[in-house]
Each structure stands twice: as structure tokens, then as C-alpha cells.
Colleague: 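The structure follows.
First listed ligand is number 1; within each ligand, the first listed atom is number 1. Here, residue 1 is the first one in the sequence, and each next residue gets the next number. Scope of the values below: all heavy atoms of this structure, side chains included, with no hydrogens, waters or symmetry mates.
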Amino acid sequence: MRKRLVVLTGAGISAESGLRTFRGNDGMWEHENIEDVCTPDALRRDPKRVKDFYNFLRKGLPEHQPNAAHIALAKLEERLGDKFLLITQNVDDLHERGGSKNVLHMHGDLMKLRCTHAGHEFEFRGEETMDTRCPICGSPVRPDIVFFGEVPLYMEEIQDALRNCDEFAYIGTSSVVYPAAGFKSFAKSCGAKVTCLNLEVPENDPYTDVVIEGKATEVVPKWAEAFE
Ligand code: OAD
């Protein structure tokens, strides 16, 4: 019987597409304060600053193209069908542009806005201003981004998938932001094999069975093609 695979990606998978990761050398959080752009309090205090930050990121996205790692995961989805689930912490659209059909953006989606009244989500590719309104109910809106201190999206669906998978692989993530950082221990405790594909490898991580060190564009296609 075909194995059930759950994959979690982080900023490292988009690094070779030219997008900044968050931590480490020249990471996003070296240039911006989380407290200024990525908390509910920041949105209350200075909504224009927060909206401008995500407008800037959204505007830059079309310059970046999906890389071989995004494309390899899309092919894996095609091959494994409903035995495969892709979860990403990334808010970029490179998985979708790489061909992935079903992606759970647990930290939100740069290409969507959400209304603050009823939580309606809608596709948005332009520049959000203080006057942008929900097309469904006319309420004020915000970026569809999960800020620090907010609960990530799809958690029930993710927990079910982790509980029932045979293998869990995490790719290009520093594994420091919870709850995503806890997926490997949860999957392991439910019986899954845990594989890490990353530029830097975790040291003595009791939850990771297999470590594949290298750039995502080099290691992910090989690993994905060999997955049975
Ligand atoms: P990080 O920036 O914390 O980690 C990126 C990881 O990718 C690091 O472990 C790098 O070693 C690795 N890496 C870098 N280049 C790579 C490459 N070419 N191939 C493979 N791996 C590479 O990013 P995340 O773990 O995704 O949340 O960060 C998690 C969350 O923290 C983000 O979703 C974001 C951030 O604050 C929100 O904004 C809510």
C-alpha cells in the first residue's frame, strides 16, 4: 500500500528563488522588527505601516519564480494524490506557481486579504490601502497573515494528517516557531518516520530519523523522485 506523506516547508525552500528567509544572515527579521509589522498590536497601533510592509512583499513576488524544489513537490502531489499533504509556513505563492494544487498556508497567504468583521477571505493582488473594503460585506480588511500571538490556520486538518501519516518531512525551516516546530515530535509520537531536508542540519534531534543536508533545489528533487 502507498505510504501517506505530509510535508512541511519553510522559507528555505524559497531562498534559491531569491526570497529572504526570516532568520540567520541578512534574514527578514534583521531588517524589520517583528513588533512593528507582524503582531496584532502593530496592526492596531499603525495599520498603514503593517499594510505597506505586506504591500511591498506582495508587489515583489512576481519577480521571483518557483524553483526545482517547488516543482518536485508538485510532481509528488500529482503522483501520490490524496496520500500527500503539503503544509507551508510560507506566505508566498511559489508552491502554487510551481504546480501544487492543494497547499495549506498555515501562516496565511500574501495573495489574500481577510475582513476584520466576518473573516471573509478573498484573493488580492494589488495595493491594500486604509480604504480597501471586503467585497462580500464591505467591512475593513487586513492582510491574510497569521501574526505572532495568533493561532495558525488549518490546525485540526494538520493534526489529523500528522496523526495518520507514515512519513513526515520538513524542508527549509529552522523549526523554532511553534506550533509548526512541534509537528515532527507529534508525527513521530504517532508512529511516522521523520525526515529533515535543510541547508543546516539539526544536531542530536531525537525526533528526526533521517537528515538530508543540502540546498533545497538539489536535495528535494532527488528525495521526491525516490519516494515510494
Ligand atoms: P527561517 O528563516 O527561520 O529558517 C529558514 C531555514 O531554511 C533555515 O534553517 C536555513 O538553514 C534553511 N535554508 C536556507 N537556505 C536554504 C536552501 N537553499 N535550501 C534548504 N534550506 C535552506 O524560516 P522559517 O522556519 O520558515 O512566520 O520561519 C518560520 C516562521 O517564522 C515564518 O513562517 C514566519 C517567521 O517569522 C510569520 O511571519 C508568521
Colleague: Could you walk me through whether F53 and M28 pass side-chain contact (heavy atoms from CB on, under 4.5 Å), step by step?
Modeller: CA-CA 11 Å; F53 174 67; M28 181 83 80; 4.0 Å; yes
Colleague: Taking side chain as C-beta onward, heavy atoms only, is L8 less than 4.5 Å from I171?
Modeller: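 With C-beta onward as the side chain, the pair stays apart.
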Colleague: With hydrogens left out, which residues have an atom under 4.0 Å from ligand 1, given that only heavy atoms count?
Modeller: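 Shell around ligand 1 (4.0 Å, heavy atoms): G10, A11, G12, A15, E16, T21, F22, R23, W29, C38, Q89, H107, V146, F148, G172, T173, S174, V177, N198, L199, E200, G214, K215, A216.
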Colleague: Which one of H70, H64, H95 satisfies the side-chain hydrogen bond (donor to acceptor under 3.5 Å, both in side chains) criterion with S14?
Modeller: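 Of the listed options, the one satisfying the test is H70.
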Colleague: Answer yes or no: is there a side-chain heavy-atom contact under 4.5 Å between P143 and K112?
Modeller: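 No, too far: nothing below the 4.5 Å cut-off.
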Colleague: Around atom NZ of K3, are there more than 12 heavy atoms from other residues, nucleotides or ligands closer than 6.0 Å?
Modeller: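 Yes, the 6.0 Å shell around NZ holds more than 12 heavy atoms from other groups.
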Colleague: Relative to each other, are the rings of F124 and F122 parallel, tilted or perpendicular (30° and 60° limits)?
Modeller: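 Ring orientation of F124 relative to F122: perpendicular.
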